[in-house]
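I have placed the structure first, in the form of structure tokens, so that the comments after it can refer back to it.
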Amino acid sequence: MRMDSTWRGLFKKEWILLKWTVVWVVLLNVLVILVVPSLISNLVGIPGKLYENTYVLGGTWFAFYTFMGAGILSVSLTKEMKSLEMWLHSPRSMLQLVGAKSLFAACTSIVTLFFGGALLGVTLYFLEDWTVSSAWQGFLALVSILLAISLKLIFVMTIGFFFWSVYQVLRCRTSFFAVPITGFLFVVASILWEVLRINNFFNWLRTLVPLRLTNESFYNEQTSYFFTGFVPNGIVFSIGSLLFYLVLSYLLVAAGSRLFEKKVRL
């Protein structure tokens, strides 16, 4: 019971800190999906382009959502970096404090992502002459994309937090070399990641109990190449890749929390 109240209190603090950020994210979803496509179509003067503009702009906006979790977490950390005493004297562990921020940022990003997805789905349904069958397949394709982006934004957020923590520690010790050293470490990590990719490690992970919601031509690279990177071969994720990314994300948050604690105590 005490643990539940602790997390509720931390989440309430995050909401108070970030409520206007959340409001702006929701408004951006409405603007990008409902307003901007109409403005572009009116400027171009081709009414039939509204469906295409909505589809492209909505899809592009969702692609940028892979960085939304990192962005929201960055806003939260930046707001509280001005009062490090709060971190130092808090009765909660650093992992709890950072974990609550990360979880709130991830949940906020995913909820607003699905809100935007619902807006896009309803808009495309009314703009196009869909049958029940095609609408259902479109729904499954959209959910596939949103689920894949949700998992990716969590992972990108944890990577961003880890290297941000590395930078904060280095800045306290060697301010002049903090940026190049952090950049060098990021390049090394990217090279190791690329080695895994070249050796088909990630392809192997995708074979471990894959989840595929639809086999529609939505995933055809010639008609929707932009999204095939999110759902290659229609596979949203596999149990193997899900476990791998969740464990790695936890380790990144835990390691980043330890580093950030060093920064607070310096």
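Computed from a predicted model, the values in this text were never measured in an experiment.
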*asked:* For Tyr65 and Ser150, which I'm curious about, is there any donor-acceptor pair between the side chains at under 3.5 Å?
replied: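 No, no side-chain donor-acceptor pair sits under 3.5 Å.
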_For Ser76 and Lys101, which I'm curious about, is there any donor-acceptor pair between the side chains at under 3.5 Å?_
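Ser76 vs Lys101: donor-acceptor pair found between side chains.
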*Between Tyr55 and Trp61, is the ring centre distance below 6.0 Å?*
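Centroid distance Tyr55-Trp61: not below 6.0 Å, so no.
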Rounded at 0.5 Å granularity, tell me how far [atom1] in [X] sits from [atom2] in [Y].
X      : Y      : atom1 : atom2 : answer
Leu77  : Ser102 : CG    : OG    : 7.5 Å
Trp164 : Leu259 : CH2   : CG    : 11.0 Å
Thr66  : Met157 : OG1   : CE    : 12.5 Å
Phe67  : Ser109 : CZ    : OG    : 12.5 Å
Trp15  : Thr21  : CH2   : OG1   : 10.0 Å
Lys152 : Phe237 : NZ    : CZ    : 11.0 Å

Taking all non-hydrogen atoms of both residues, which atom of [X] and which atom of [Y] are closest, and how far apart?
X      : Y      : value
Ala105 : Gly69  : CB-O, 3.7 Å
Gly117 : Leu146 : CA-CD1, 3.9 Å
Leu95  : Ala254 : CD1-CA, 3.8 Å
Glu80  : Lys13  : OE2-NZ, 2.9 Å
Gln96  : Leu10  : O-CD1, 3.9 Å
Ala148 : Val236 : N-CG1, 3.9 Å

*Hydrophobic cluster (4.5 angstrom, side-chain heavy atoms) - remaining members for Leu27*: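 Members other than Leu27 - counting any ILVMFWY side chain reachable under 4.5 Å - are Trp20, Val23, Trp24.
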*Hydrophobic cluster of Leu243, others only, ordered by chain and residue number, side-chain cut-off 4.5 Å*: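 So far as hydrophobic clustering goes, Leu243 is joined with Val209, Ile239.
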*Is Glu14 paired with Lys19 through a side-chain N to carboxylate O contact shorter than 4.0 Å?*
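Salt bridge absent between Lys19 and Glu14.
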Could you go through residues 181-192 and list every donor-acceptor pair under 3.5 Å that involves a side-chain atom there, pairing it with any protein atom two or more places apart or in another chain?
| from | atom 1 | to | atom 2 | distance (Å) |
| --- | --- | --- | --- | --- |
| Thr182 | OG1 | Ala178 | O | 2.7 |
| Ser190 | OG | Phe186 | O | 2.9 |

*Please report the C-alpha distance between Trp204 and Asn199 in whole Å, then the side-chain angles of each, then the deciding distance to 0.1 Å, and finally whether the side-chain hydrogen bond (donor to acceptor under 3.5 Å, both in side chains) criterion is met.*
CA-CA 9 Å; Trp204 173 73; Asn199 287 279; over 6 Å; no
*Taking it one step at a time, do Asn29 and Phe115 satisfy side-chain contact (heavy atoms from CB on, under 4.5 Å)?*
CA-CA 8 Å; Asn29 273 283; Phe115 168 73; 4.2 Å; yes
Measure the shortest side-chain to side-chain distance between [X] and [Y] over non-hydrogen atoms and say whether it is less than 4.5 angstrom.
X      : Y      : value
Phe161 : Leu252 : no
Leu113 : Ile149 : yes
Val25  : Met68  : yes
Phe104 : Leu73  : no
Leu151 : Phe155 : no

_From CA spacing to verdict: side-chain contact (heavy atoms from CB on, under 4.5 Å), Phe162, Val253_ = CA-CA 6 Å; Phe162 174 76; Val253 171; over 6 Å; no
Honestly curious: do [X] and [Y] fall in one hydrophobic cluster under the side-chain, below-4.5 Å linking rule?
X      : Y      : value
Leu18  : Leu153 : yes
Val156 : Leu248 : no
Leu208 : Phe202 : yes
Leu147 : Ile154 : yes
Val30  : Val111 : no

*Just do the side-chain contact (heavy atoms from CB on, under 4.5 Å) check on Val166 and Leu170 with the steps written out, would you?*
CA-CA 6 Å; Val166 170; Leu170 290 173; 3.7 Å; yes
*Listed once per pair and sorted, the salt bridge (Lys or Arg N to Asp or Glu O under 4.0 Å) pairs that draw on residues 153-163, sequence neighbours left out*: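 Those involving residues 153-163 do not exist here.
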_Side-chain (Ser238) to main-chain (Ser241) donor-acceptor, under 3.5 angstrom_ =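 Yes, because the side chain of Ser238 sits within donor-acceptor range (under 3.5 Å) of the backbone of Ser241.
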*Counting N and O atoms only, with roles assigned by atom type, does the side chain of Ser249 sit under 3.5 Å from a partner on the main chain of Tyr245, one being a donor and the other an acceptor?*
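Looks like yes, one N/O pair under 3.5 Å.
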*How are the rings of Phe201 and Phe244 set relative to one another: parallel (under 30°), tilted (30 to 60°) or perpendicular (over 60°)?*
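Because their plane-to-plane angle is over 60°, the rings of Phe201 and Phe244 count as perpendicular.
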*Trace of the side-chain contact (heavy atoms from CB on, under 4.5 Å) decision for Ile159 with Phe163*: CA-CA 6 Å; Ile159 292 175; Phe163 282 101; 3.8 Å; yes
_Suppose we screen for side chain to side chain contact (heavy atoms under 4.5 Å, CB included). Which residues come up paired with Leu120, at least two apart in sequence or across chains?_
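Partners of Leu120 under the side chain to side chain contact (heavy atoms under 4.5 Å, CB included) test: Ile33, Thr54, Phe62, Leu124, Leu142.
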*Sequence neighbours left out, what passes side chain to side chain contact (heavy atoms under 4.5 Å, CB included) with Leu31? Give chain and number order.*
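If we apply the side chain to side chain contact (heavy atoms under 4.5 Å, CB included) test to Leu31, skipping adjacent residues, the hits are Val35.
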